[in-house]
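One-based numbering, in listed order, for ligands and for the atoms of each.
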Amino acid sequence: METKLRTGAAYYPEHWPETTWTEQARRMSELGLTTLRVGEFAWALMEPEEGRFDFAWLDRSIEVLAGEGLEVIIGTPTAAPPQWLTKRYPEVRLVDERGVRLPHGGRRHVCITSARYRQLSERIVRAIGEHYAACEAVIAFQTDNELSCHQGACYCPECQTAFREYLRDRYGTIERLREEWDADFWSIRPDSFDDLPPEDWFLWMSMQHPALKLEYQRFTSCQLCSYHALQWKVLHATAPGRPVFHNMMGLHGGFDHFRMARESDVVGLDIYPNPSGPDPKTGNLHYHPVRLSMVHNVTRSLRRDVPYHVVESPLASVNWTRVNALPRPGQAEMWSHIAFAHGADTYLTFRWQAVRSASEKHHCAVLMHDLRMDGPNVDTARRIAANAGAMSRDLAGTLVRSRAAFAHCYENLWQSRHHKSARMQDYWDLWLPWCEAFFALGVSYDVVDLNHPEEWLPDYDLVILPYQQNLSDAMAGALRRFVTGGATLVATCCTGWADEFARMRDVPQPAPLADLFGIVVQTHDPLEETRTNAVRLLADLARGEPSPVSHWCDLIEPRGAAVMGTFEQDFYAGSPAVTAHEAGGGKAWYVGTVPGDELATVLVRHLCAACNIETHDFPPRVQLLSRWADDRRRFDYYLNHTPHEVTFKAVQGGRNLLVGRGRVNTLTLGPWGAAVLEVEQR
Ligand code: GLA
């Protein structure tokens, strides 16, 4: 696939009379779009009867698009099976957590464990791959659509059998499972794997045994990943040379994103910023730039070797939030800049033309129902395409490089749902102050997989380990190597409580790394919303007032660590809140609370300085991200996330790819404005 920046939309030719296709393609090309994603819900048309395939309509549509120089990504249609399929094979319909088998008529109402569904999926995917192998206009494939969206796990009899096998594989003997699960508790005690799951499966699930819940989530994740991988392999075999991806959903976390990314050629992201806002700092509606940045960083880091695709994003109001308010002028264009700045090479919008009926009739599109070519969404799409066109030659294929990272695993996200304090269950929200700090200081970060430390261990100088309850011995060993190898690790409260079976450890916290951090956590004080505390840092870290903290306070006993900050209030006033311990050549910091933005920023500034990572001070809500070329060039992408004009000095002067292309040192960015400076790497 040619390296370039791509813009375009999801396109459903099957929703429109064929007589309109030529005019639609002409309009797409006139707007400067390059790429359309098609097909991902059209199984009923591609296979109208079992075993009879009809791609003629799609061939004609692709021919029309190609005639205008447009490229096509085909989505496999397995998120929406045809009626004949669910009628003939009712066992493929998903059983939800209430025990109800879902009816036909929505989407994702299928069991992807079902051998029958896998067989039928494989057949349609193979047919697509074989049919389009020689079609030059088809540049890539998407598998299915947003796996785990709408419907999470399935609990049908076939899943139960498969889960039992999964447990057998994982634990070997029932005695081992009983031990790891403390299964004598309330006489849960299964006699054999055949008792798992028991007859009253749904009731049992609702008893929320954390190990069972975690294992079921792991099992579901494995099923989702292997279902995607099945399609990935079939497409590789039938239509070699086309990248295959899945459109993941950022922070959704229904499966192990790291694993799926490894079994893909590139990463796809669907991102709908509306529900993320408002920005707590500025009050700007629908727009929380730090959270948006976090979604892109999480996604990009899934594959650090290749730019990712934004496959869906809105231009205006969606149809599925409470109010579906309109983004402010300039915001939707800024969403595309955010993607390119974070390392995406593709930015597609959902969708080309607004559907007139069905459940998404109120969803925005490039062309709204009135089909006007002078509407605001059309203008935005045109500008996004023009920006990408202006930057493509230089920016495409370049990568983001970070020396700081967050380390985590999806098991921890799932386990956090069983946290002792309900307030600590908002996993990603707890990351935000740390992300806010990196954002404010113009420091780029990645997000890496604790389950595969060999992939990232040597690459970073500073790693944050946020609220990682779930810590296997292997993970702990890797973190130890990271620190003794000379790097800096920052762990927070709740580190290392449980092993990979969700079983609490019987050694002092932060088990099993207490010696690395040089502390022991004696107990903790979870804080209600109405209670806060504050942390006073050592004078050489911060001058001035103590900084507020929330959610949780650890009562820490130093065992060799230096105390870097203390709590201000309550019966533990004066006791350690932040500690640092030299270990080998590196340093292990522990922050025994949830910092606010201020504390996180002071700490990150200090840590970056200690790790020799450059920080910057820009006007509020101005962000810097850099993409690096293989040659000596770097592209510094500046984003103004405010509705006001801002003027500031660039870190390094350079040629602006977006406007004028002349060399600039001082930047003036309009509301929601951006600049991309080409500079020499240093
Ligand atoms: C998701 C789906 C799309 C569409 C949009 C609407 O992202 O992938 O098919 O339903 O939401 O916002």
Side-chain angles (χ1 to χ4, degrees), residues 8-16 35-46 72-81 102 105-110 112 140-152 224 227-228 231 245-255 257 260 264 267-277 286 292 295-296 298-299 308-327 331-332 335-336 339 344 346-369 377 380-381:
Y11 176 46
Y12 303 93
E14 67 275 24
H15 295 175
W16 314 105
T35 312
L36 286 307
R37 185 196 63 185
V38 302
E40 82 276 14
F41 299 116
W43 195 344
L45 300 178
M46 293 177 179
V72 171
I73 297 171
I74 297 185
T76 68
T78 46
L102 297 184
R107 60 178 174 180
R108 301 236 57 79
H109 49 293
V110 285
I112 46 87
F141 292 103
Q142 172 186 299
T143 62
D144 202 280
N145 189 76
E146 293 189 343
L147 284 163
S148 90
C149 187
H150 303 306
Q151 315 303 340
L224 290 163
Y227 181 70
H228 153 80
Q231 298 200 10
F245 63 86
H246 179 67
N247 53 338
M248 306 194 212
M249 292 173 289
L251 307 183
H252 188 272
F255 52 83
H257 286 42
M260 191 177 283
S264 304
V267 168
L269 169 68
D270 289 359
I271 179 164
Y272 288 85
N274 276 2
S276 320
H286 318 305
L292 284 177
V295 176
H296 284 282
V298 165
T299 305
Y308 61 104
H309 297 321
V310 170
V311 194
E312 291 183 20
S313 58
L315 285 179
S317 295
V318 295
N319 69 319
W320 45 266
T321 69
R322 198 175 67 81
V323 177
N324 300 313
L326 190 67
Q331 282 185 348
W335 292 336
S336 70
T346 300
Y347 194 80
L348 307 188
T349 183
F350 188 86
R351 46 189 281 156
W352 163 249
Q353 185 166 338
V355 69
R356 294 179 61 196
S357 189
S359 65
E360 293 188 341
K361 68 178 189 177
H362 292 301
H363 200 286
C364 67
V366 180
L367 272 191
M368 290 308 294
H369 301 107
N377 301 354
T380 305

Within-cut-off N or O pair, N145 and ligand 1, under 3.5 Å: yes
Stepwise side-chain hydrogen bond (donor to acceptor under 3.5 Å, both in side chains) test for Y347 and S313: CA-CA 8 Å; Y347 194 80; S313 58; 3.2 Å; yes
Within-cut-off N or O pair, Y12 and ligand 1, under 3.5 Å: no
W320 and H363: CA distance, side-chain angles, deciding distance, side-chain contact (heavy atoms from CB on, under 4.5 Å) verdict: CA-CA 8 Å; W320 45 266; H363 200 286; 4.2 Å; yes
A365 to N377 - nearest heavy-atom pair and separation: O-ND2, 2.8 Å
Over all atoms of both residues, closest heavy-atom pair of C364 and P314: SG-CB, 4.0 Å
Proximal atoms of ligand 1 relative to D270 (non-hydrogen, under 4.0 Å): 7 (O), 8 (O)
Option with minimal heavy-atom separation from atom 9 (O) of ligand 1, where the choices are E146, E40, R107: R107
Minimum-distance protein heavy atom relative to atom 10 (O) of ligand 1: E360 OE2, 2.3 Å
Considering all heavy atoms, the nearest A332-T380 contact: CB-CG2, 4.0 Å
salt_bridge(E312, R351) N-O dist < 4.0 Å: no
Nearest protein heavy atom with distance in Å, relative to atom 5 (C) of ligand 1: Y272 OH, 3.3 Å
Test: R108 and E40 ion pair at under 4.0 Å: no
For F41, atoms of ligand 1 separated by under 4.0 Å from a heavy atom: 9 (O)
Subset of ligand 1 atoms that lie under 4.0 Å from at least one heavy atom of H363: 6 (C), 12 (O)
Identity and distance of the protein heavy atom lying nearest atom 3 (C) of ligand 1: E312 OE1, 3.3 Å
